[in-house]
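Working notes, beginning with the structure itself.
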Amino acid sequence: MGTNVLSRAELEATTAELLPPRETLAWINVTNITAVNIAIAINAASYGSVAQAVALQGITVGQS
């Protein structure tokens, strides 16, 4: 594996931003996750037939 080496100019060009305290993040981080998976297969009043169902799942994640 290669070694990553930063030059002095690259190191001096980097910036950082302080994050709020963990307690603050806990109060403002709200995540809603909704998963929906629906499938229907009907095999009624038919002798020897096969019913198949395919379900696609949709997941929505909202964070504020």
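FYI, side chains are in, hydrogens and waters are out, and symmetry mates aren't considered; it's all heavy atoms of this structure.
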* Partners of Ala39 by side-chain contact (heavy atoms from CB on, under 4.5 Å), sequence neighbours excluded? -> Ala53, Ala55
* Structure fact -> By side-chain contact (heavy atoms from CB on, under 4.5 Å), Ala13 pairs with (sequence neighbours left out) none
* Apart from Ile38 itself, what residues make up its hydrophobic cluster, given side-chain heavy atom links below 4.5 Å? -> Val36
* **Set of salt bridge (charged side-chain N to carboxylate O under 4.0 Å, His left out) partners for Glu12, sequence neighbours left out** => Arg8
